[in-house]
Amino acid sequence: MMNPCSRTAQAAEDAVRPVRGYSNHNHERHQMSGITTSVNASAHESREYRNRKRMQGFREDVTSFWFLLPILAVFVVLFLVPLIQTLYFSFTDFNGYSMNLHWQGLSNYRKVFSDPSTLEGLGFTILYAIVVMIGVTLLAIPLAVVVNHKFFGHNFVRSVFFFFSVPSLAIMGMVWKYIFSPMKSGVVNSVLSVFGIAPIPWLSNSGLAKFCVIFIAIWAQIGWHATLYLAFLQSIPADLYEQATVDGASPFQQFMHITVPQLMPGIVTSTFLLMSGGLKVYDLPFTMTKGGPGYSTYTVTQSIIQQGIGQSQYGVGSALAVLFFLATAVVVMLQLWFSNVISARFE
Amino acid sequence: MNKATSSNNVHVDSTQKTNRLTLSRRKSIISGVTSVVMIAIALICAIPLWYIIINTFKTIPDMASHPLALPEHWTFANYTNAFTTRSLWNTLIVTVFGVLIEVIVGALAAYGMILRKSTFTAVIGTILMVAFVVPAQSTLIPLYRMEAQAGLVNTLTGLVIIYLGGSVFCYFLIVGYMRSLPFELIEAARIDGAGALRIFWNIVMPLIRPILITVVVFQTMSTWNDFMNANVFLSSSNLRTIVLQVYNAVGQFSTDWPSFMTITVLSLLPVFVFFIFCQKWIVSGLVAGSVKG
């Protein structure tokens, strides 16, 4: 986000020339520092001048503080305090009512790892996040490439796919639950019965339920990510393709050696969104299957809510929440590192 | 090298002139096949949407016997029933206030960040980065307790307060865009004697309109569609948001599917309209944000 190097340079410059201190233009900064050294050397370095510029710097700090105050309030109330509380509760036997807490050490964490339903939820959450990420990426890029070409109805196709991303996954889960319904009204089964296939218990078989949830998550998100890729595709210079065609590269070679490398920033953004969203998944499995059958489509979030708020086991719920935060942080770090490595390779 | 290839190109062109017609014909055939295949795929994927929309105009027996066909008798009763629920208004209130405050808080913070670079702003930048990574699930339990103590659980105000956490996301999208603005404009206004708040409102806000639209659309979508927070923080039936209403409709009248579908369509409609209206802005804002942020 912020380059520490430029920040120190900026700070040094602020100390010398407050009036231009907030300029964020690099080349100007170098010119200015040339001038300021001469100013430094001259008799301008009076105490009064220094006081004035310090005052001005202080005043600017205060102004910027007022603008940052609302978000600081949001941070303290909605992030800092709750996080500290979560951390604290995770070491106690807090039940939500009596403040008569007992220090439990790591026993809540041990409970998390010995609880079969939580472990199953963890397993499904990871499976969901990875499969959805790969599935959406593999389908959205070709879709974006095809839709990027002009053909009759390409705007129609683009809009149709885009619309899937609009509805809430919670609502989609409920509608699909009905479509997959094992009763006569279930569309999938009634279509299958036309071909003489016996009704399939889509959502009551644990393997099929997992498949259905993941399938719908991919279906619902392809359009949105294809639109994202489309935006990046349109910024690839066309002459790259022209030159490649002249040099005799086949369409597939062009895709592999021009499109994919040029799309790297888009792929990084898209997979990042999919991965962090996938780990937080709750709506879709909950509204489709309530985590069932058994715990086969149980998720970490559902487990946190169930234990922490539903069953008032604040300690165990909080321990799970802390672990979840750490896991998310690790994934984000890995992804940032990975994207840096990849973009360094392709540049 | 460039020159060589382009002259080569001309040469190849002139020798292959005889093949040109077949080449362009082949192109048009490919484009025809693409459109047939793609339109077919799009239509197959759209069946569930068709299914939802068409069934809102049917009665229950009609729907049960022909789920995918056109209705035998068009009925609008489902819609008139759905409009009488309060949930549409609840969602509207929560979304408008939540998104408005979030975006303003985020934009103010972004302006405060670019106004001055100091150790203070650097620290805040890092802090907000951490907040950006924190998943909502990790703070859910203490937040629920906090709101319960303040008497905010099961109120729309309480829900709006929870949504304000989204202002960190707004901040990140806006600050990337704001850094790309020519700073001279702000400086010039300052020399002309405009105060910081006035510069923010009259100069910076109009300049960042593209990213503001992107952020508003994003946040409206996620707030309108939010299920987790609404489900945890609201319990009385007259405060339900529309997603909750749909969710409860499943249990409440599990046989009355057309009503369920109608509330579903109602819950989707505003977002659809919003999206068609703003599609252009969202994509351009996204690219701008990711390139500069």
Side-chain angles (χ1 to χ4, degrees), chain A residues 1-2 7 10 22-24 60-61 63-64 67-68 70-71 74-75 78-79 82-83 85-86 146 151-153 156-157 160-161 163 166-168 170-171 174-175 178-179 185 187 219 227-228 231 235 243 246 265 269 280 282-283 287 301 304-305 308-309 314 317-318 321 324-325 328-329 332, chain B residues 5 9 31 34-35 38-39 42 45-46 48-49 51-52 64 67-68 105 108-109 111-112 115-118 120-122 124-125 127 129 131 133-135 137-144 164-165 167 171 183 196 225 227-228 232 243 246-247 250 257 264 267-268 271-272 275 283 286-287 290:
Chain A
M1 278 273 117
M2 223 180 291
R7 203 191 304 144
Q10 192 82 43
Y22 40 74
S23 163
N24 44 7
E60 277 171 17
D61 270 341
T63 324
S64 115
F67 282 100
L68 290 167
I71 209 158
V74 165
F75 173 73
L78 294 177
F79 292 96
L83 260 188
Q85 282 189 326
T86 303
V146 171
F151 58 86
F152 174 74
F156 168 77
V157 173
V160 167
F161 276 102
F163 275 169
V166 176
S168 135
I171 288 180
M174 291 179 259
V175 172
Y178 186 58
I179 295 175
S185 49
V187 174
W219 169 81
T227 312
L228 194 85
S235 66
Q243 284 178 11
V246 170
T269 314
K280 294 177 196 168
Y282 169 67
D283 300 15
T287 53
T301 306
I304 292 175
I305 292 174
I309 294 167
Y314 280 62
S318 298
F324 185 59
F325 170 48
T328 320
V332 170
Chain B
T5 48
N9 190 10
S31 124
T34 326
S35 44
M38 289 313 290
I39 290 174
C45 287
L49 288 186
Y51 174 74
I52 298 171
L68 287 175
V105 168
L108 282 173
Y111 180 59
L115 208 54
R116 178 144 174 88
K117 272 186 182 166
S118 60
F120 175 66
T121 53
I124 298 203
I127 282 177
M129 191 74 173
V133 177
V134 174
Q137 286 85 342
S138 302
T139 52
L140 198 62
I141 297 171
L143 281 178
Y144 183 81
L164 293 191
S167 48
Y171 156 78
F183 203 81
N225 288 337
F227 175 71
M228 188 182 80
V232 168
V243 177
V246 177
Y247 177 68
V250 179
W257 283 95
T264 308
S267 79
L268 304 181
V271 188
F272 274 145
F275 237 91
V283 173
L286 249 181
V287 173
S290 59

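Values below: every heavy atom of this structure, side chains too, minus hydrogens, waters and symmetry copies. Lettering follows sequence order; numbering is per chain, from 1.
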>> Restricting to side chain to side chain contact (heavy atoms under 4.5 Å, CB included), what partner residues turn up for B:T34, sequence neighbours left out?
In response: A:V146, A:F151, B:I30, B:M38

> Where on A:F75 is there a heavy atom nearer than 4.5 Å to chain B: the side chain, the backbone, both, or neither?
Replying inline: side chain

> Hey, which of B:L164, B:V232, B:T139 has the most heavy atom pairs under 4.5 Å with chain A?
Replying inline: B:T139

> With only heavy atoms counted, which part of B:V243 is less than 4.5 Å from chain A, the side chain, the backbone, both or neither?
Replying inline: both

>> Tell me which of these, B:S167, B:P135, B:G165, has more heavy-atom pairs under 4.5 Å with chain A than the rest.
In response: B:P135

> With only heavy atoms counted, which part of B:F227 is less than 4.5 Å from chain A, the side chain, the backbone, both or neither?
Replying inline: both

> To the nearest 0.5 Å, what is the distance between OG (A:S64) and CD1 (B:I124)?
Replying inline: 7.0 Å

> Picking from A:V332, A:I304, A:T287, A:I71, which has the most non-hydrogen pairs under 4.5 angstrom with chain B?
Replying inline: A:I71

> Looking only at heavy atoms, which two atoms of B:I141 and A:G317 are closest? And how far apart?
Replying inline: CD1-C, 3.8 Å

> In Å and rounded to the nearest 0.5 Å, what is the CD to CG distance from A:Q85 to B:L143?
Replying inline: 8.5 Å

> Relative to chain B, which segment of A:Y282 carries a heavy atom at a distance below 4.5 Å: side chain, backbone, both, or neither?
Replying inline: side chain

> Considering all heavy atoms of both residues, which atom of B:S138 and which atom of A:A321 are nearest to each other, and what is their separation?
Replying inline: OG-O, 3.2 Å

> Taking only residues two or more places apart in sequence or in another chain, which ones pass side-chain hydrogen bond (donor to acceptor under 3.5 Å, both in side chains) with A:T301?
Replying inline: B:Q137

> So what's closer than 4.5 Å to chain B heavy atoms on A:I305: side chain, backbone, both or neither?
Replying inline: side chain

